[in-house]
Undergrad: 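To start, I am sharing the structure in question, which I have written as structure tokens.
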Amino acid sequence: MVLVLNRTYFPEGTQGVLEWNGTLICYTIELPWLGNQRRISCIPEGEYILRKRFSPKLKWHFLLMDVPGRDLILIHPANDAKLELLGCIAPVTVYTGIGKGSASRKAMTELRKIVFPLLEKNEQVVLVITSKK
């Protein structure tokens, strides 16, 4: 399975549209692009394999594998990139501003419904991050 995240960059944050087979799953928010600097920048465009991950704080979420120069890059719920993200990606139901959204937990639930069954069957899920040039 291939998920495509098409980004739009702004100085205050990054907005994205997450699709599977051309169908919208959810929107995303991230930190602005600041040269892949740890904890303050979104990650580089590219292809990343997703894995299931659990933590007591975030519950079930996704881990992106082999992000250049970074570790523990996740897809997890958050509604404000600058306050809640350290380079991770947050699914949101609707944008409320640049790098901000709402109903992130609802969007995360929808994403898990699609992806977790495939991962449980040991199918590979790849996230392709791109942008409109």
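Every value quoted in this text rests on a predicted model; they were computed, and no experiment measured them. All values below come from the heavy atoms of this structure, side chains included, with hydrogens, waters and symmetry mates left out.
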Undergrad: Taking it one step at a time, do H76 and L85 satisfy side chain to side chain contact (heavy atoms under 4.5 Å, CB included)?
TA: CA-CA 9 Å; H76 67 81; L85 299 178; 3.5 Å; yes
Undergrad: Under the side chain to side chain contact (heavy atoms under 4.5 Å, CB included) rule, what do Y27 and V94 come out as? Steps first, then yes or no, please.
TA: CA-CA 7 Å; Y27 301 103; V94 64; 5.5 Å; no
Undergrad: Quick one: are D71 and R38 in side-chain contact, heavy atoms under 4.5 Å?
TA: yes
Undergrad: How far apart are the closest heavy atoms of P56 and K59, and which atoms are they?
TA: O-NZ, 2.9 Å
Undergrad: Is L50 linked to F54 within one hydrophobic cluster, defined over Ile, Leu, Val, Met, Phe, Trp and Tyr using a side-chain heavy-atom separation of less than 4.5 Å?
TA: yes
Undergrad: Give a yes or no on this: more than 12 heavy atoms of other residues, nucleotides or ligands lie within 6.0 Å of atom CZ of R105.
TA: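 Open: at most 12 neighbouring heavy atoms sit under 6.0 Å from CZ of R105.
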Undergrad: State whether F62 and K52 meet the cation-pi test: NZ (Lys) or CZ (Arg) under 6.0 Å from the six-membered ring centroid, and within 45° of the perpendicular axis.
TA: no
Undergrad: So which residues get pulled into V2's cluster when ILVMFWY side chains under 4.5 Å apart are joined, directly or through others?
TA: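 Joined to V2, directly or through intermediates: V4, I49, L58, L63, M65, L72, L74, V126, V128.
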Undergrad: Do the side chains of Y48 and D66 get nearer than 4.5 Å, heavy atoms only?
TA: no
Undergrad: Of the non-hydrogen atoms in G87 and R70, which two are nearest, and what is the gap between them?
TA: CA-NH2, 3.2 Å
Undergrad: State, to 0.1 Å, how close P32 and P11 come at their nearest heavy-atom pair, and which atoms those are.
TA: CB-O, 3.4 Å
Undergrad: Taking salt bridge (charged side-chain N to carboxylate O under 4.0 Å, His left out) as the cut-off, I'd like each qualifying pair that reaches into residues 92-103, sequence neighbours left out, listed once.
TA: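 Found D80-K100.
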Undergrad: Check whether any side-chain heavy atom of S102 lies under 4.5 Å from a side-chain heavy atom of Y95, and answer yes or no.
TA: no
Undergrad: Considering non-hydrogen atoms only, spot the tightest contact between S41 and L34 and give its length.
TA: OG-N, 2.9 Å
Undergrad: Between E110 and A107, is there a donor-acceptor pair closer than 3.5 Å when you use the side chain of the first and the backbone of the second?
TA: no
Undergrad: Would I89 end up clustered with L86 when hydrophobic side chains under 4.5 Å apart are linked, directly or stepwise?
TA: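 Shared cluster, no.
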Undergrad: Answer yes or no: is there a side-chain heavy-atom contact under 4.5 Å between I98 and T14?
TA: no
Undergrad: In Å, rounded to the nearest 0.5 Å, how long is the span from CH2 of W60 to CZ of R53?
TA: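 Taking CH2 in W60 and CZ in R53, the distance rounds to 10.5 Å.
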Undergrad: Backbone N or O of A103 within a donor-acceptor pair of the T93 side chain at under 3.5 Å?
TA: yes
Undergrad: Report the residue from L127, L24, I75 that forms a side chain to side chain contact (heavy atoms under 4.5 Å, CB included) with L18.
TA: L127
Undergrad: Using the side chain to side chain donor-acceptor pair (under 3.5 Å) criterion, which residues pair with R7? Sequence neighbours excluded.
TA: Y9, E30
Undergrad: Taking the side chain as everything from C-beta on, heavy atoms only, tell me whether P91 gets closer than 4.5 Å to S104.
TA: yes
Undergrad: Drop me the distance from M108's CE to K113's NZ, to the nearest 0.5 angstrom.
TA: 13.0 Å
Undergrad: Just so I know, are the side chains of L119 and V125 near enough to count as touching, which here means a heavy-atom distance under 4.5 Å?
TA: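 Sidechains of V125 and L119: in contact.
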Undergrad: Does any non-hydrogen side-chain atom of E45 lie less than 4.5 Å from one of S131?
TA: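 A side-chain contact under 4.5 Å exists here.
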Undergrad: Counting only N and O atoms by type, is there a donor-acceptor contact under 3.5 Å from the side chain of N36 to the main-chain atoms of I43?
TA: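 Not a single qualifying donor-acceptor pair exists.
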Undergrad: Go through I25 and V17 one step at a time and tell me if the side chain to side chain contact (heavy atoms under 4.5 Å, CB included) criterion holds.
TA: CA-CA 8 Å; I25 298 173; V17 177; over 6 Å; no
Undergrad: Without swapping roles, check the side chain of Q15 against the backbone of G97 for a donor-acceptor pair under 3.5 Å.
TA: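 Confirmed, Q15 side chain pairs with G97 backbone.
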Undergrad: Are L3 and V115 close enough that some pair of their side-chain heavy atoms sits under 4.5 Å apart?
TA: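 Result yes, sub-4.5 Å side-chain heavy-atom pair found.
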Undergrad: Applying a strict under-4.5 Å side-chain criterion to I, L, V, M, F, W and Y, I'd like to know whether F116 and L5 cluster together.
TA: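 Yes, F116 connects to L5 through the hydrophobic network.
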Undergrad: Roughly how far, to the nearest 0.5 Å, is CG of L31 from SG of C42?
TA: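 Spacing of SG (C42) from CG (L31) equals 7.0 Å.
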